[in-house]
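As structure tokens, the structure follows; a few thoughts come after it.
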Protein chains: 2
Amino acid sequence: MLQLQKGVQLLMDNKQIPDIVVGRLPLYLRTLQKMARETIQVTSSLELGERLGISAAQIRKDLSQFGEFGKQGTGYNIPFLIERIREILHIDRVWDVAVVGAGDVGRALARYQGFADRGFRVVMIFDNNPDVIGTLVADFTVQNTAGLVEAIQNAGIKVAMVSVPADQAQSVTDQLISAGVKAILNYAPISLSVPEGVWVQYIDPAVHLQRMAFYLA
Amino acid sequence: MLQLQKGVQLLMDNKQIPDIVVGRLPLYLRTLQKMARETIQVTSSLELGERLGISAAQIRKDLSQFGEFGKQGTGYNIPFLIERIREILHIDRVWDVAVVGAGDVGRALARYQGFADRGFRVVMIFDNNPDVIGTLVADFTVQNTAGLVEAIQNAGIKVAMVSVPADQAQSVTDQLISAGVKAILNYAPISLSVPEGVWVQYIDPAVHLQRMAFYLA
DNA sequence: GAAGCATTGTGAAATGTACCACAAAATCTT
DNA sequence: AAGATTTTGTGGTACATTTCACAATGCTTC
């Protein structure tokens, strides 16, 4: 039986980790958590790779950037590896998240149950439509976007999701940044301009579909 | 004034185009269409790159994979380049899309206005919840997932979006593939297994947030 | 407890991607 | 109409990422 390693330490403080490696860690984590729910205790880079469609060598190389988490001949202890990845990604805590834009997408995000146990929790939602301000969305009262900077600053929020129309997205982004937000998940179909030290990820279903359409005869 | 090039032909039939290049074309297109709405006629790789946060050299190299679309000293004619990219991505037509799962996400997708003019159109939506089947979502009657394969096959649909719970996503995917679907945009938080010749893109807000959390102190 | 099997972590090689820098070509200026 | 300016397309180079392949290690079996 695999023992929990003791004294394992995360590296990465010195080393420069490629962003592409960082981007795969959440996928590893998601699959490992699924395996844990299936009560699997141990896995190998080969098995994990098959579930993910990623080569075993790549998984081993990626994980070795952060420490030695496996055991030769045996593989990786799943609960242990889950904890290590949660530490690496700084999601061994819960980040409060603000949603800006209470349209279909914003409301779906506020009501989404999938953030639980994955490191995030929606705590407030904003909109600038007078008909929507004050209404309830998943236990939250929609706040006026006019008060966004103060509310986010006071709450110390660092993570936000933007689901406003494209023509308001840059302005909202600028306000979020002035309020101290460092990570933005942008659903508006537009490239945002942000200063050094602020990270943006984009979700645009049309972009994803267009990419695949290239391969359709 | 820039003349429209005549007799320009798309290459790429022989050449193997890197997927990473294909993935940037929709971003170029989205920004070019925004510029067109601002009634800008001509742009340069430098200007486009600044808007996108991508180097000018990379944009030129990417586009040169498909043909010579620019003019030295002048740049790129925007309407012309838009049409070329639409051809390359096979979105110089409208692809019918099926939505499976009529929860918050599926309903938001069915009602989303952002697919218009970007090559896609939602034409049907499915769910397996008896309370939801038969209700209206954005002019569509929610159909029973039991009839999914037949309906999609009959309509000749090649593109689908999956917004069902994770534990149903693989089963739905298998049905979509048996119905002839070749491109799947998956909102379920799970890696899908698909055969050669079927493409999947993933949208999982928690994954995107986790990736950024790595960079949060 | 020795032999066989499984699996890691990792240098080295192979492959893939981005950037540089410039000749060529088109436009602009005077 | 000649020189200055702009900007493309691209060969070459530098950098990044993935894959290979194997020594080392830890289980399992007999």
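Labels below follow one simple rule: chain letters A, B, ... track the order of the sequence lines, proteins then strands, and each chain is numbered from 1. As a basis for the values below, the full set of heavy atoms in this structure was taken, side chains included, without hydrogen atoms, waters or symmetry mates.
- Between D:dA24 and A:Q72, no contact under 4.0 Å exists linking OP1 or OP2 to a side-chain N or O.
- A:L63 has its CG atom 11 Å from the C1' atom of C:dG9, to the nearest Å.
- Counting heavy atoms of neighbouring residues, nucleotides and ligands inside a 6.0 Å radius, atom CG of B:D117 does not exceed 12 of them.
- Between the CG atom of B:D62 and the P atom of D:dT10 there is a distance of 13 Å, rounded to whole Å.
- Between B:F115 and B:Y112, the distance separating the two ring centers is shorter than 6.0 angstrom.
- A donor-acceptor contact under 3.5 Å links the side chain of A:K61 to the base of C:dG11.
- Between A:S45 and C:dT8 there is a side-chain polar atom (N or O) within less than 4.0 angstrom of OP1 or OP2.
- Contact between B:T31 and A:S191 at its shortest, heavy atoms only, is OG1-OG, 4.3 Å.
- In this structure, B:R60 does not reach the D:dG11 phosphate: none of its side-chain N or O atoms is under 4.0 Å from OP1 or OP2.
- Ring pair B:F66/A:F214 is perpendicular by interplanar angle, where above 60° counts as perpendicular and below 30° as parallel.
- Of the residues near DNA chain D, A:A57 and A:P18, the one whose nearest nucleotide (by heavy atom distance) lies more toward the 5' end is A:P18.
- Atom NZ in B:K71 sits about 17 Å away from atom C1' in D:dT5, given to the nearest Å.
- For the pair A:F69 CZ and C:dT10 P, the interatomic distance rounds to 11 Å; values are reported in whole Å.
- For A:L109 against A:V122, the heavy-atom pair with the smallest separation is O-CG2, 3.9 Å.
- Checking the phosphate oxygens (OP1, OP2) of C:dC19, a side-chain nitrogen or oxygen of B:S55 falls inside 4.0 Å.
- A:R24 has its CZ atom 8 Å from the C1' atom of D:dT18, to the nearest Å.
- What separates CD of B:Q58 from P of D:dT8 is a distance of 15 Å, to the nearest Å.
- Atom C1' of nucleotide C:dG16 and atom CD1 of B:I20 are separated by 9 Å, given to the nearest angstrom.
- Of the two residues near DNA chain D, A:G73 and A:V21, the one whose nearest nucleotide lies more 5' is A:V21.
- Atom CD of A:Q65 and atom C1' of D:dA16 are 12 Å apart (whole Å).
- Taking 4.0 angstrom as the limit, A:Y76 places a side-chain polar atom (N or O) nearer than this to OP1 or OP2 of C:dG9.
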